[in-house]
Amino acid sequence: MNQFIFGLQARNLTVEIHHHSAYQIVLSNDTPFNSTIHGKLYERIHGFLIKPHVTHFCVAENGTLNVLNIEPYSHIGLELASRFKENEDCIVFDSPVETNVFFQTPKHSLDINNVIDALLSKLPANNYDERVTKIVEYITANYFKSDITPQTFADIVFLSPSRLASLFKKQTGSSLSKYLLWTRLRQAIYLILSDKERSLTDIAYDTGFYDLPQFNKYMYEMFGMPPKALKFSSDLIQVY
């Protein structure tokens with residue numbers, strides 16, 4: 001269930017000060033960049049990993065940055081959390097070698113797909129209960145419906161909402177509500193970047209949000225930027 005990882009590739013982009021609810025990995029695709037994390041300037045670095053809610057901004061005026069946002073309570077998010085030392089909010093990579101060592105990826109390679117594969121390799125065996133699989137399939141097909149409730153899910157698999165919530169969290173590492181939100185946000189971002197003529201209000205409705213203000217709120221909480229900022233920079237960003 002790769003829905004817990006969302007990746008963007010941005011060229012020649014300056015990102016304003018922000019924070020978000022996801023773990024974030026930022027890696028250079030070519031040249032070093034500068035970033036300020038929790039008020040401290042790091043110059044000519046090749047990447048970093050930060051915890052949720054850590055303020056930061058990046059300047060990559062002559063290069064390409066790969067950005068991975070990871071749902072904090074997913075299995076991958078919890079595995080990343082275990083890599084931080086006590087009272088450590090960020091891990092900075094000063095060279096490609098440090099990046100390779102940390103993520104256990106091939107030497108002298110800056111391919112972001114290798115990092116994603118390394119993260120996914122940490123996942124437990126994908127032997128989900130068939131009821132969890134049914135819920136995932138339902139969300140994939142129906143995330144755009146704004147009237148989905150815990151009872152909606154419970155009725156599909158004939159469990160009480162509380163028992164289903166416990167089962168889903170145990171197997172995926174995420175709550176049902178976070179999984180649904182993550183799926184909606186991923187699809188909304190994809191539409192912003194791929195269908196540039198569609199209005200943000202239409203995208204909000206089409207992906208299950210009640211209105212644009214709610215979409216704005218969750219977008220900023222999870223990714224640290226409002227939808228309009230993503231739309232404004234859409235020519236510089238690709239999603240994967």
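Side chains included, hydrogens not; waters and symmetry mates left out as well; all remaining heavy atoms used. If you're wondering where the values come from, they're calculated on a predicted model, not measured in any experiment.
A perpendicular orientation is assigned to the rings of F153 and Y138, their planes being inclined by more than 60° (bins at 30° and 60°). Between F168 and Y179, the two ring planes are perpendicular [angle over 60°; tilted spans 30° to 60°].
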Given R44 and D94, is the side-chain contact (heavy atoms from CB on, under 4.5 Å) satisfied, shown in steps? CA-CA 7 Å; R44 297 191 59 77; D94 291 315; over 6 Å; no
Quick one, D129 with R131, criterion salt bridge (charged side-chain N to carboxylate O under 4.0 Å, His left out). Give me CA distance, side-chain angles, the key distance, then yes/no. CA-CA 5 Å; D129 185 288; R131 292 165 294 187; 2.9 Å; yes
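Residues V132 and T172 have side chains in contact (heavy-atom distance under 4.5 Å, counting atoms from C-beta outward). In this structure, L68 and L119 have side chains that are in contact, with non-hydrogen atoms separated by less than 4.5 Å. Between K51 and Q24 there is no side-chain heavy-atom pair separated by less than 4.5 Å. For the pair I45/S35, a side-chain contact is recorded, criterion being any heavy-atom separation below 4.5 Å from C-beta on. At least one side-chain heavy atom of L49 sits less than 4.5 Å from a side-chain heavy atom of L80. For the pair I25 and F103, the minimum side-chain heavy-atom distance is below 4.5 Å. The shortest distance between side-chain heavy atoms of D211 and Y205 falls below 4.5 Å. Looking only at side-chain heavy atoms (C-beta outward), F102 and V97 stay at 4.5 Å or farther from each other.
A pairwise comparison of heavy atoms in R184 and S146 identifies NH2-CA, 4.0 Å as the closest pair. Across H75 and Q171, no two heavy atoms sit closer than the pair NE2-O, 2.9 Å. Minimum heavy-atom separation, S21 to H53: OG-CE1, 3.5 Å. Counting all heavy atoms, side chain and backbone alike, A154 lies closest to L164 at N-CD2, 3.7 Å. Closest approach of P72 to P52, counting heavy atoms only: CB-CG, 4.0 Å. Heavy-atom minimum distance, I203 versus T207: O-OG1, 2.7 Å.
At a cut-off of 3.5 Å, with distance as the only test, a side-chain donor of S175 or S177 sits close to an acceptor on the other residue. Under the 3.5 Å distance criterion, with hydrogens and angles disregarded, a donor-acceptor pair is assigned to the side chains of N66 and Q9.
Residues E130 and K134 are not paired through a salt bridge, judged by the lack of any N-O separation under 4.0 Å between the basic side chain and the carboxylate. The residues R198 and D206 are annotated as salt-bridged, a charged nitrogen and a carboxylate oxygen being separated by less than 4.0 angstrom.
With a 6.0 Å radius and a threshold of 12 heavy atoms from other residues, nucleotides or ligands, Q104 has its CD atom at or below the threshold.
Proximity of the aromatic rings of Y42 and F48 is defined here by a centroid distance below 6.0 angstrom, and this criterion is not met.
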